[in-house]
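Bear in mind that the values here come from a model prediction, so they are computed numbers and not experimental data.
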Amino acid sequence: MEKQRSGSAESGDWKRGAARPVPPPEDDVVSMADSTITVDDIEGELLKIERIRDVLVRRESELRYMMDDIQLCKEITRLKKELHKLVSIPDTHKSNEDRQKEEELMEQIHKLVETRDFLVDDVEFERLREKEEDKEMADFLKSKFPGNNRKTGLPTRRAPQTSPFNKSALSLLKECCGFTCSVM
């Protein structure tokens, strides 16, 4: 309490031409940061958190692609089974309605396969974009922390084979939704 009063009296003195008030000692200033942490440590930690967030966003995207792929493959499989039933009927026993339904099923399957092809293309585009982002981040980290990349503790990108959506587009096309569907 006493310090505040004297500080107020001192601050009034500057108006009358007195010397500037003396700032309080640094012990009175409390920082939120631990006194042992440096600005570089904080920046490194922020980069680490940002990198982890990026990895999680990428994983979410991969999972969404996987869900879309599974749904497409399930629908393709269902339509192919239905088509197979119609195809197994001899032509002499097929009605015009059966022939029309057969054509419709083939068109639907074709559209779903095209949609899946676009999905695979998107996955490949994302993979290439992520690879470029990783390269840019590595270059940035080398310039920011030369010779000391371990200091940031940044996670590295896992090997591409850990997720089926990191495989090449051709292997995705071949695998489709596993052994339950043979779209190609």
Side-chain angles (χ1 to χ4, degrees), residues 42-145 149-184:
I42 293 171
E43 287 177 349
E45 186 73 16
L46 287 171
L47 286 172
K48 179 181 175 183
I49 290 169
E50 184 178 330
R51 184 69 179 131
I52 290 170
R53 183 189 58 81
D54 290 345
V55 169
L56 291 173
V57 167
R58 287 179 182 184
R59 182 62 181 156
E60 178 188 17
S61 177
E62 288 174 356
L63 292 173
R64 290 185 189 281
Y65 279 122
M66 287 176 170
M67 285 300 297
D68 290 346
D69 183 59
I70 288 169
Q71 294 301 321
L72 285 170
C73 286
K74 281 182 179 179
E75 184 65 12
I76 290 169
T77 301
R78 185 188 67 75
L79 292 174
K80 284 178 74 176
K81 286 178 182 177
E82 197 174 331
L83 179 63
H84 183 68
K85 289 178 187 174
L86 287 173
V87 170
S88 65
I89 300 172
D91 284 340
T92 55
H93 295 104
K94 285 185 189 176
S95 66
N96 285 338
E97 195 175 286
D98 290 338
R99 286 185 181 93
Q100 185 178 355
K101 180 70 174 173
E102 197 174 302
E103 286 295 320
E104 288 172 6
L105 288 172
M106 288 174 46
E107 285 178 26
Q108 288 176 345
I109 290 170
H110 179 72
K111 286 180 183 177
L112 289 175
V113 169
E114 283 181 341
T115 301
R116 189 170 179 283
D117 287 347
F118 287 123
L119 178 75
V120 170
D121 289 343
D122 284 348
V123 168
E124 184 65 14
F125 177 79
E126 285 295 311
R127 186 189 66 78
L128 293 173
R129 185 185 58 78
E130 289 171 359
K131 187 176 180 179
E132 182 63 28
E133 284 178 1
D134 287 344
K135 183 183 178 309
E136 289 173 4
M137 178 59 85
D139 292 344
F140 170 75
L141 290 175
K142 284 178 186 175
S143 69
K144 185 75 175 168
F145 303 102
N149 291 338
R150 295 306 244 166
K151 185 176 181 179
T152 62
L154 294 175
T156 56
R157 183 78 170 143
R158 292 189 310 241
Q161 269 36 25
T162 59
S163 168
F165 279 90
N166 287 331
K167 295 181 181 180
S168 72
L170 288 177
S171 65
L172 279 173
L173 282 172
K174 290 177 186 173
E175 288 180 9
C176 187
C177 59
F179 295 108
T180 60
C181 178
S182 56
V183 174
M184 295 311 188

Distance check, rounded to the nearest 0.5 Å: [X] atom [atom1] versus [Y] atom [atom2]?
X	Y	atom1	atom2	result
I49	D54	CD1	CG	12.0 Å
L128	E130	CG	CD	9.5 Å
L86	E103	CG	CD	11.0 Å
N96	Q100	CG	CD	8.5 Å
L56	L63	CG	CG	10.5 Å

Before accepting this row, confirm whether a basic side-chain N of the pair [X]/[Y] lies closer than 4.0 Å to the acidic partner's carboxylate O.
X	Y	value
R64	D68	no
E97	K101	no
E124	R127	yes
E114	K111	no

Answer whether the closest heavy-atom distance between the side chains of [X] and [Y] falls below 4.5 Å.
X	Y	value
I52	K48	yes
R78	E75	yes
E82	Q108	no
R51	L141	no

Derivation of the salt bridge (charged side-chain N to carboxylate O under 4.0 Å, His left out) call for K131 and D134 = CA-CA 5 Å; K131 187 176 180 179; D134 287 344; over 6 Å; no
List in chain and number order the residues that pass salt bridge (charged side-chain N to carboxylate O under 4.0 Å, His left out) with [X], two or more places apart in sequence or in another chain; answer none if no residue qualifies.
X	result
R53	none
E132	none
R99	none

task: Kindly give the heavy-atom pair with the smallest separation between E102 and L83, and that separation in Å.
output: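 The answer is CG-CD1, 3.5 Å.
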message: Donor-acceptor pair, distance only, cut-off 3.5 Å: does the side chain of T77 make one with the backbone of C73?
response: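 At least one qualifying donor-acceptor pair exists.
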For L72, does its backbone N or O pair with a side-chain atom of R116 as donor and acceptor, under 3.5 Å?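 The answer is no, because no donor-acceptor pair under 3.5 Å joins these two groups.
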